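Read through the structure below, which is laid out as structure tokens, and then see the notes.
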Amino acid sequence: MSEVGPDNGPFTYVRGTHRASRNFWDGLIRRANDYAGLSWTKPQSRRLFNAFPKFLQRKAAFGVDLPAGNEYADTILGNEWRLTSDQGDAVLFDPFGIHRGGMVRDRRRLAVTMMLTEPT
């Protein structure tokens with residue numbers, strides 16, 4: 001809804017990650033972790049997430065939980081695409097890809113999020 005520049009939280013997406021494994025179980029695990037808050041950076045959420053077996057530690061959202069100097073983090077950040085926009089612009093993306101909203105350092109960012117799903 002508002003203009004988004006580099007300092008007021010641009011949306012970022014990691015190119016090519018929408019092509020990652022997208023079978024039913026992978027998607028279910030990622031959605032459960034993202035939407036239940038288990039992929040957040042709050043200490044209690046991280047403890048719960050890290051207590052899962054490795055095959056259940058999957059998510060699509062990411063943030064400050066990327067350890068610096070880690071080969072996986074470096075690959076993700078090297079393919080990150082930041083989207084700045086004018087007021088009223090829209091962004092459509094595949095939520096199975098790795099994505100995040102940036103840190104708001106100046107002014108504010110007003111956004112509306114809408115998720116479209118397939119009918120059951």
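These numbers come from a predicted model, not from an experiment. We use all heavy atoms of the structure for the numbers below, so side chains are in, but hydrogens, waters and symmetry mates are not.
Taking the six-membered ring where the residue is Trp, Phe11 and Phe93 present tilted rings, their angle falling between 30° and 60°.
Under the rule for a side-chain contact (heavy atoms from CB on, under 4.5 Å), the partners of Gln44 that lie at least two apart in sequence or sit in another chain are Arg47, Leu48. Partners of Arg82 by salt bridge (charged side-chain N to carboxylate O under 4.0 Å, His left out), not counting sequence neighbours, listed by chain and number: Glu80. In this structure Asn50 satisfies the side-chain contact (heavy atoms from CB on, under 4.5 Å) test together with Arg46, Gln57, sequence neighbours excluded. Taking the ring pair (Phe, Tyr, Trp, His ring centres under 6.0 Å) definition, one finds that Phe52 meets it with nothing, sequence neighbours left out.
No donor-acceptor pair closer than 3.5 Å links the side chain of Tyr13 to the backbone N or O of Arg100.
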For this session: Give the C-alpha distance, both sets of side-chain angles, the deciding distance and a yes or no for side-chain contact (heavy atoms from CB on, under 4.5 Å) between Phe49 and Asn33.
Result: CA-CA 8 Å; Phe49 182 79; Asn33 289 338; 3.6 Å; yes
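Residues Leu83 and Val4 share a closest heavy-atom pair of O-CG1, 4.3 Å. Looking at every heavy atom in both residues, Arg108 comes nearest to Asn8 through O-ND2, 3.2 Å. Residues Ser85 and Ser2 approach most closely at OG-O, 4.4 Å, considering heavy atoms. Contact record, Gly5 with Pro10: O-CD, 3.5 Å, taken as the closest heavy-atom pair.
Expressed to the nearest 0.5 Å, how far CG of Asp89 lies from OG1 of Thr84 amounts to 9.0 Å.
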